[in-house]
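Worksheet: the structure to be examined is printed underneath.
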Amino acid sequence: MDDVPSSPATPAPAPAPLPVLQADCANCFALCCVALPFAKSNDFAVNKPAGTPCGNLQQDFRCGIHTRLRDEGFQGCTVFDCFGAGQQVSQVTFGGRDWRTHPGTTHRMFEVFPVLRQLHELLFYVSEALTLPAAAPVHADLRRALAETAEWTRADAEALVDLDVGALRQRINTLLLKTSELVRAKVPGRKKNHRGADLMGARLSGADLRGANLRGAYLIAADLTRADLRTADLIGADLRDTDLRGADLREAVFLTQPQLNAAQGDPTTRIPPTLTRPTHWT
């Protein structure tokens, strides 16, 4: 009896694409300008409560002083990045219904936005971790975390409001910590541990910080000119007004665009190829 050819195996479905992890303001209903509060400070010229539109917001959801934000005292706006959560909430979660013409969506939309921003930020970090060869031992767990988090970004508003995003962040942070340890272990010698340290205004010009743990460190206005920050873990580090002129941030771990935007640099500052040199760096 002739052999019966077997049917070809059904290919596994391709994973759903990740949401875009960069802000697309043209497809957002200015959620950061309305949903979030800010206080009068060096970063903002006025006070604004959550849920109240900024006075500079126009009817078309565009900023009336976008090209003059720093000059007008709104530096905080220039360093904020939603990691693409704004357009995800606007166009996916709420299907293109804006809060001006559909006021019934306002409360929920403004509740969901901070949740989605955290999810998108986690996706950014996990995606980066998956590009690091040294983190191969945790890549399988990272891929599972990526898929779970991406699935949450497609959930409806009610589910997102009820999500314990803190618990999810804690589980993923365990993987990111392991990633950091694996990457930094490749750097020979003893590495500096400044996790959560108060380094505001610190004089660290020319410092060898390769493989250093700077997670959550306060580096506000610190002098890091010509410092070597390759493979340093910078997740959550506060780089507001940090002087990075001549510093080497290539291969820095978990460095984000908002952190660069908040810092000061120049043409000699070396940054990862995945990030963009801020326009205010001279």
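What you see is a predicted model; the values in this text were computed from it and never measured. Hydrogens, waters and symmetry mates play no part in the numbers below; they use all other heavy atoms, side chains included.
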### Query
Below 4.0 angstrom, N of the basic side chain to O of the carboxylate: do D223 and R203 qualify?
no

### Query
Counting heavy atoms not belonging to Q22, are there more than 12 under 6.0 Å from its CD?
no

### Message
Would you call the rings of F29 and F61 parallel, tilted or perpendicular, taking 30° and 60° as the class edges?
### Response
tilted

## Note on the structure
dist E72:CD -> I65:CD1 (nearest 0.5 Å) comes out at 5.0 Å

### Task
Please step through salt bridge (Lys or Arg N to Asp or Glu O under 4.0 Å) for the pair R154 and E151, ending with a clear verdict.
CA-CA 5 Å; R154 296 184 285 272; E151 185 65 24; 3.0 Å; yes

### Query
Hey, are R100 and D98 close enough for a salt bridge, meaning a charged N less than 4.0 Å from a carboxylate O?
no

### Query
Considering residues, nucleotides and ligands other than D162, do more than 12 of their heavy atoms fall under 6.0 Å from its CG?
yes

### Interatomic spacing from CD in Q88 to CZ in F83 - rounded to 0.5 Å
15.0 Å

#### Entry: Lys/Arg-Asp/Glu bridge criterion (N-O < 4.0 Å) met for D60, R62
no

### Side-chain heavy-atom pair D241, N42 within 4.5 angstrom cut-off
no

### Query
Taking atom NE2 of H280 as the centre, does the number of heavy atoms from other residues, nucleotides or ligands within less than 6.0 Å exceed 12?
yes

### Task
Compare every heavy atom of A129 with every heavy atom of L142, then report the nearest pair and how far apart it is.
CD1-CB, 3.7 Å

### Any side-chain heavy-atom pair of F254 and E128 under 4.5 Å
yes

### Task
For R108 and V161, work out which heavy atoms get closest and say how close.
CD-CG2, 3.8 Å

### Query
Of all heavy-atom pairs between Q257 and P278, which one has the smallest distance, and what is that distance?
NE2-CG, 4.4 Å

### Query
If we only count heavy atoms from C-beta on, is the L239 to L255 side-chain gap below 4.5 Å?
yes

### Query
Which word best sums up how the rings of W99 and F110 line up, parallel for under 30°, tilted for 30 to 60°, or perpendicular for over 60°?
perpendicular

### Task
For the pair R226 and S205, evaluate side chain to side chain donor-acceptor pair (under 3.5 Å) and give the outcome as yes or no after the intermediate values.
CA-CA 6 Å; R226 303 184 308 283; S205 180; 2.9 Å; yes

